[in-house]
Each structure stands twice: as C-alpha cells, then as structure tokens.
Trainee: 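The structure that follows is given in the form of structure tokens.
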Protein chains: 2
Amino acid sequence: MKRKITLKQIARELDVSISTVSKALRNSAEISDDTKQKIQAFAKLYNYRPNNIALSLKNRRTNTIGIIIPEIVHHFFSEVIRGAELVANKRGYNVIIGLSNESFSKEVINMEMLANGSIDGFILSMSKETLQQQDYHHFNETMSQGMPVVMFDRVVSEIKCDKVIVDDFNGAKNAVEKLIENKCKSIALISTPDYVSVGKLRTQGYLEALNENNILAESKLILKIDDTVDYEVHLDALEAEIEQLFKANKKIDGVFAVNELYALTAMKVARKLGLNVPNDVQVIGFTDGVLSKHATPSLTTVSQHAQQMGEKAAQLLIDKLESEVNPADEEFHTVVIATDLVERESTK
Amino acid sequence: MKRKITLKQIARELDVSISTVSKALRNSAEISDDTKQKIQAFAKLYNYRPNNIALSLKNRRTNTIGIIIPEIVHHFFSEVIRGAELVANKRGYNVIIGLSNESFSKEVINMEMLANGSIDGFILSMSKETLQQQDYHHFNETMSQGMPVVMFDRVVSEIKCDKVIVDDFNGAKNAVEKLIENKCKSIALISTPDYVSVGKLRTQGYLEALNENNILAESKLILKIDDTVDYEVHLDALEAEIEQLFKANKKIDGVFAVNELYALTAMKVARKLGLNVPNDVQVIGFTDGVLSKHATPSLTTVSQHAQQMGEKAAQLLIDKLESEVNPADEEFHTVVIATDLVERESTK
DNA sequence: TCTTAACACGAAAACGTTTGCGTGACTTTC
DNA sequence: GAAAGTCACGCAAACGTTTTCGTGTTAAGA
C-alpha cells in the first residue's frame with residue numbers, strides 16, 4: 001500500500017527543494033525545462049495530486065458548498081440536490097449535505113459542524129420546526145461571519161439573504177383557474193397549516209382565483225392538514241380526514257391539493273365514494289413528482305422545477321463566493337421560479 | 001462582519017502564546033486555573049470553534065465520508081443516503097456526495113476529486129456504465145492508496161472490499177413462490193439485462209422458484225428491458241413492450257417485475273387489457289418505494305430496506321476507519337440484507 | 001544556602017501547499 | 001576585468017491546529 005505522494009517526498013527523491021517541485025508542476029518560468037520535465041514525469045509516474053485539505057487551508061476556501069435540507073427521501077429535495085450538484089461540479093465545487101430531519105436542533109448542529117471551515121457557503125431550506133419556532137439566530141450568525149447563505153423554497157422575509165422560491169401563489173392560482181375553466185363549481189382545497197410559508201401562499205392563490213372569478217370561498221371546503229403527523233406512515237388518518245371533507249360537501253367537483261400525496265389520497269377517496277376522476281371530480285396537485293406521473297389516473301399537477309431551483313441556488317451562491325464586492329454593500333436577490341401546469345388525466 | 005476567530009487572535013488579545021490558548025481550551029493540566037478560566041471565557045464570548053480544515057490537515061483525517069451513487073432522484077439511493085448520514089453523524093462524521101449519473105467517467109472524476117484528501121473513505125454503488133465496461137481500476141487504485149471502500153447494492157466479485165448487498169436471489173425467489181402459492185400458473189418476469197448484477201440475481205431467483213415447484217420456465221414469459229433507454233421519459237415504449245408480452249401470452253396470471261416502475265406499468269397494461277388486478281393477474285414488484293405504496297391497487301413488493309443498507313455500509317466503513325488492524329492482513333466482509341415481502345392489494 | 005522538584009508557560013515542529021524574495025553561479029557588456 | 005544582468009533554484013512564511021520539549025520562576029527539602 002503506497003500512501004498518497006506529497007511534494008516533500010518528490011523533492012527528497014529528486015534532490016531538489018519543495019518549492020522547486022511545486023513550481024515545476026505549475027509550470028513556472030522560474031524553473032528550467034530540464035528540471036521541469038524530470039519533475040513532471042516523476043509526478044505523473046507516482047500519480048501526484050495536490051492535497052485538497054492543504055490547499056483549502058492555504059487558500060482559505062474549500063471549494064465545497066453545504067446543503068442543508070429537512071429530508072432527503074423526498075422527490076423535491078433530491079431533485080434540488082441534483083440541480084445544485086450539477087452546477088457546483090461544473091464550476092469546480094463539491095457538495096456536502098446535512099439533514100435536519102425537520103428538527104431545529106439538528107439544523108443548528110449540522111450548520112455549526114459545517115460552518116467551521118468545511119464549506120464556503122450554504123444552500124438550505126428550513127426545517128418545519130425552525131419555521132414554527134421562528135428562531136433564526138443560527139442563520140444570522142453564520143452570515144455575520146461572512147459565510148454566504150442561499151435559501152430555497154421555505155424562506156422567510158426576516159432573513160436577509162439570496163433566495164430561490166417557487167411562485168407558489170401564481171402556481172396555485174393558475175391551477176384553480178384551470179379547474180374553474182373546466183366548469184368546476186365547488187372547489188375544495190387541501191392544504192397545510194399557515195406556518196408553512198408555501199402552504200400559506202398556495203392557499204392565497206386558491207382564494208385569489210376564486211375571488212377573481214366571483215366564487216365565494218367557503219371555509220368548509222378548506223381542509224388544513226396538521227402535518228406534524230407523518231402521513232406517510234398514518235395514511236389511514238389522512239384518508240379519513242379527506243373522506244370527511246367529501247362526505248360533508250357532496251357537491252365537490254374539483255380539488256386542489258398543495259402536494260402530491262394529498263392529491264393522490266383525494267383521488268383514492270373519490271374513487272372509494274364512487275366518484276369518477278375526472279368526470280365527477282377533477283383533481284390538481286402541487287409538486288410534479290414520481291407519484292403524479294405514475295398514478296392512475298395520472299395527476300394534473302403544478303410543476304415546481306425543483307432541479308432548476310437547485311441549479312439557480314448553486315449559481316447564486318457560487319457567484320457570490322467568487323465576486324469581489326464588499327460584503328458591506330452587497331445586495332440580495334430573490335429569484336422566483338415560475339411554475340408550469342402539467343396537464344394529465346385527472347382533469348378534463 | 002467579524003470573521004471566525006482563531007487561536008492566534010485569542011493569544012494576541014490575551015497576551016499569551018498560541019499553545020497556551022490551545023491547551024487551556026482543551027483543559028490541559030499544564031495551565032493554571034486562572035489562565036484557563038480567562039481564556040475559556042474569552043473563547044466562549046467570541047464563540048471560538050476550531051477550524052476543521054486545520055484539524056484535518058494536522059490529524060490527516062477529515063471525519064468525512066464520501067458517497068458516490070449513480071443517481072439521487074431515486075427512492076432507493078436517497079434512502080441509503082439517509083441511513084448512511086444517520087450513523088455517520090452519530091459517530092461524528094460528515095457526508096459528502098458525488099453523483100455519477102450512471103457514467104463511468106463522472107464516477108472516476110468524482111472519486112479522484114474526493115480522494116485527494118477530502119474524505120477518509122468511500123461508500124459507493126457502481127454506475128451502469130462501469131458495470132458494462134468492467135473497468136474497475138479506479139476502485140482498486142483508491143483502495144491501494146489506503147482509502148477504504150464499502151460497496152453496496154451493485155457490486156462485483158472482482159473487487160475486494162467490504163460489501164452490503166440485498167439478498168436479491170431469495171427476495172425474488174420468495175416473491176415468485178408467493179405467486180405460485182397463490183395459484184398462479186403462468187408467471188411472467190420483467191427484468192433488466194444481465195450485466196446489471198441485481199437483475200441477474202433476481203432472474204435466477206425467479207427461475208429457481210419455478211424449478212423447485214416443477215414449473216417449466218418459458219423464455220417467452222421473460223421480458224428483458226433494455227434500460228439504457230430512460231423509461232422515466234419514454235414511458236410509452238415501456239408500456240408497448242409489456243403490452244406485447246401480455247398479448248403474446250394470454251394466460252399470464254402472475255407477474256414478477258424487478259423494480260417498481262415495471263410492476264406498475266404491468267398493472268396499468270393489465271387494466272388496459274381488461275384484466276383485473278389481483279383477480280386475473282397478480283403482480284409483485286421489487287424495491288419498496290413510494291410508488292408501490294400509493295399505487296392503486298397498492299403493490300405487493302419485495303422490500304430492500306435501503307436505509308438499513310446505508311446504515312450498515314456507514315457502520316462498516318467507520319469501523320474500518322477506526323480500527324487499528326494492519327491493512328495488510330485485513331479481511332473483507334459481505335453483509336447480506338434480508339428482504340421482506342410486503343403484501344398489499346396486488347396479490348390475493 | 002544550595003539542590004531539586006513542581007509549576008506555568010512558550011518555542012517550535014508538523015500536517016501539505018503556494019509564493020515572494022533572496023542568492024549564488026554564470027553570462028553579457030563596455 | 002569589473003559591473004550588471006540573467007538564470008535557476010532554495011528559504012521561509014503563511015494557513016490554524018496540536019503536542020513535545022524546553023525553560024524560567026518559585027517553593028520545598030536537606
């Protein structure tokens with residue numbers, strides 16, 4: 001087992017100084033062609049590669065970006081990572097990930113761990129717990145230490161940083177407009193509590209669409225699911241809640257749900273109650289994931305372009321890392337990613 | 001903006017030497033209680049944290065492990081990551097990920113990038129292209145440089161390293177046995193080409209189950225899907241192939257598919273042809289992902305316990321990293337993760 | 001009073017790089 | 001033949017730690 005070779009070893013072997021080796025390998029004009037050739041050949045033979053850690057220490061930059069997300073087993077977040085990794089790699093950066101599991105303390109710990117020199121900047125989406133507690137000190141602290149942060153999807157106006165968000169409002173509005181256009185008269189909304197910013201915005205989009213079309217919003221048509229319960233596990237409970245909604249409002253002929261799972265479950269419940277999708281009830285979901293695509297009937301959905309979000313976030317972050325502007329008078333951008341309505345079989 | 005504080009700055013500020021500060025913060029007995037208190041208080045005030053990069057350089061270990069996977073937008077792989085991240089964090093390690101996108105060259109580049117000091121060891125699953133080309137030099141090279149590697153899922157016997165694999169053979173066998181038990185007489189197999197090791201093993205399990213039950217395997221019942229085409233995109237083509245299979249073999253009453261998507265598509269085709277699942281055709285898939293759970297009817301499937309694989313892989317890797325055994329006489333383990341058959345609505 | 005030990009701290013090396021500057025040996029120029 | 005210039009290389013500092021060893025001061029023991 002040959003350990004990785006270093007400059008020092010090459011220098012000793014070839015009986016020159018370390019600096020000569022370093023310069024030779026970087027093709028400095030200071031070194032004679034003879035020596036350069038000799039050193040380069042030797043380095044190639046032993047497959048020399050500069051040690052990243054030493055470089056990081058010297059250059060005070062790691063060329064690594066940290067991504068903190070609440071959950072990785074989730075189509076949306078893994079797509080964001082894919083996008084971020086894509087542009088990061090293209091620009092010579094690595095990606096290191098931390099999972100908060102929707103927990104405030106894990107988010108803090110993970111950030112501290114990475115902030116101590118391991119990375120140059122953060123891309124992150126806040127955990128639900130953080131959103132609830134509204135405690136943002138760890139973000140502000142890392143930023144005040146000169147480490148740039150780009151937030152995506154779950155953001156909050158109190159924090160001053162670059163942001164990449166989905167146009168939740170218009171995405172929802174367009175979806176509901178589509179239902180109205182398709183002659184739905186009684187459109188239900190299945191959403192999350194308002195502290196989840198995206199849930200709130202999508203709810204507003206729903207209301208606005210109704211409003212602009214002179215349809216009275218009825219609170220009994222709005223179901224807010226308490227998502228502290230993990231409905232991936234307790235599917236039955238979710239189903240029961242939605243069934244309740246349908247039974248109490250027999251004339252529902254359209255459903256807009258703020259995520260795939262709710263939409264899918266709505267379809268399931270409708271079928272169970274003898275309703276045909278899309279003939280009796282039309283359904284539109286949010287987040288164009290694998291479930292929407294492969295459901296039967298396949299689900300019309302608002303596509304968030306998650307990968308594009310990741311790409312944009314990485315781009316913003318790296319741009320900032322490589323810009324020379326005085327951090328004092330920097331400005332923050334908020335990029336809004338437009339949504340698309342992907343029409344499939346669950347609407348007419 | 002206050003930059004992160006260093007030992008040197010604390011030393012200068014408090015008019016002591018760097019070594020005194022370092023020792024004081026590590027509570028060395030060499031330093032008087034007075035000085036310790038003073039230094040510790042100051043450090044706390046300025047929120048001092050040792051620089052990870054400097055530590056890595058000094059200790060020649062990064063406490064970071066690299067995970068290379070072909071694709072992250074994939075339930076199985078993201079679950080593996082979750083598992084690995086879980087135990088890694090618990091044991092004080094970070095996780096850095098590289099995506100090969102099923103490409104050989106990206107796999108090589110990514111590994112080289114990380115191997116130069118950024119990480120202490122690898123957890124990886126090979127890309128399809130690597131499996132096809134059978135070029136394993138990059139694995140052997142990094143291992144010969146003393147960097148431990150743990151492979152999972154897609155492994156190959158030529159490479160000597162720790163491995164975590166699914167019991168593909170018995171998983172498939174049990175699934176097919178279940179179909180036989182459920183009175184299926186004509187069981188089709190939808191698989192991948194044999195160079196994908198897992199596809200091969202699952203095919204063997206299928207054949208063995210038939211064999212032990214004295215059912216003659218018929219090649220016309222075996223469909224091998226060329227997966228170099230991305231069927232997530234070209235769903236129609238996949239559907240057409242499977243429809244072909246059904247039409248050519250009208251008496252098919254059971255289907256075993258080596259992944260979720262194939263199984264789901266089989267169900268879709270069956271429904272299209274007027275067959276009821278599970279009454280006319282029973283279907284079992286492989287990989288217990290989100291699709292199986294939320295399909296209608298929900299899919300009976302072989303669960304691979306992906307998260308557990310990730311946990312086990314990280315455990316093996318870190319154990320190796322922290323063991324003191326002479327690398328010359330180390331031994332390699334292969335951990336086989338048993339599968340479970342999760343019975344749902346697609347079987348009787 | 002002299003030796004010795006305990007105490008509290010500092011100097012320096014090491015991890016692996018990069019780079020500005022110094023320097024010795026030639027070569028050129030007048 | 002002396003001054004100046006060029007060439008090819010080495011020295012040393014720096015990045016931020018940890019740790020071994022050395023050292024000056026004080027107190028205790030003989």
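Each chain gets a letter, A, B and so on, in the order its sequence line appears, and its residues count up from 1.
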Trainee: Could you write nucleotides 6-12 of chain C as a row of B, S and -, 5' to 3', where a protein heavy atom under 4.0 Å of any base atom gives B, of only sugar-phosphate atoms gives S, and otherwise -?
Mentor: --BBBBB
Trainee: May I have the distance from A:Leu7 (atom CG) to C:dT19 (atom C1'), rounded to whole angstrom?
Mentor: 13 Å
Trainee: Do B:Val164 and B:Ile337 have side-chain heavy atoms sitting under 4.5 Å apart?
Mentor: yes
Trainee: Is the distance from OP1 or OP2 of D:dG16 to the nearest side-chain N or O of B:Thr6 less than 4.0 Å?
Mentor: no
Trainee: Hey, does the side chain of B:Arg60 come within less than 4.0 Å of C:dG16's phosphate (OP1/OP2), counting only N and O?
Mentor: yes
Trainee: Using whole Å, what does the distance between atom C1' of nucleotide C:dG16 and atom CD1 of A:Ile5 come to?
Mentor: 13 Å
Trainee: Over how many whole Å does the gap from A:Lys58 atom NZ to C:dT18 atom C1' extend?
Mentor: 5 Å
Trainee: Starting at CD1 of B:Ile10 and ending at P of D:dT18, how long is that distance when rounded to a whole Å?
Mentor: 11 Å
Trainee: Would you please name every residue forming a side chain to side chain donor-acceptor pair (under 3.5 Å) with A:Glu331, sequence neighbours left out?
Mentor: none
Trainee: Could I get the full list of side chain to side chain contact (heavy atoms under 4.5 Å, CB included) partners for B:Ser323, not counting sequence neighbours?
Mentor: B:Val325
Trainee: What integer distance in Å separates B:Lys4:NZ from D:dT17:C1'?
Mentor: 14 Å
Trainee: Can you measure A:Asn27 atom CG to C:dT18 atom P for me and round it to whole angstrom units?
Mentor: 13 Å
Trainee: Would you say A:Arg49 places a side-chain N or O within less than 4.0 Å of OP1 or OP2 belonging to C:dG16?
Mentor: no
Trainee: Round to the nearest Å and state the distance from B:Asn52 atom CG to D:dC15 atom P.
Mentor: 18 Å
Trainee: Could you state the CG-P distance from B:Asn51 to D:dA14, rounded to the nearest angstrom?
Mentor: 17 Å
Trainee: Identify whether any heavy atom of A:Leu55 sits under 4.0 Å from a base atom; if not, whether one sits that close to sugar-phosphate; answer base, sugar-phosphate or nothing.
Mentor: sugar-phosphate
Trainee: In chain order, what residues pass the side chain to side chain contact (heavy atoms under 4.5 Å, CB included) check against B:Arg12, with sequence neighbours excluded?
Mentor: B:Lys8
Trainee: Is the shortest side-chain N to carboxylate O distance from A:Glu85 to B:Lys106 below 4.0 Å?
Mentor: yes
Trainee: Not counting sequence neighbours, list each pair that qualifies as a ring pair (Phe, Tyr, Trp, His ring centres under 6.0 Å) and has a residue in residues 109-154 of chain B.
Mentor: B:Phe104-B:His138
Trainee: Would you say A:Lys8 places a side-chain N or O within less than 4.0 Å of OP1 or OP2 belonging to C:dC15?
Mentor: yes
Trainee: Applying ring-ring contact (aromatic ring centres under 6.0 Å, His included), name anything that partners A:Tyr48, two or more places apart in sequence or on another chain.
Mentor: none
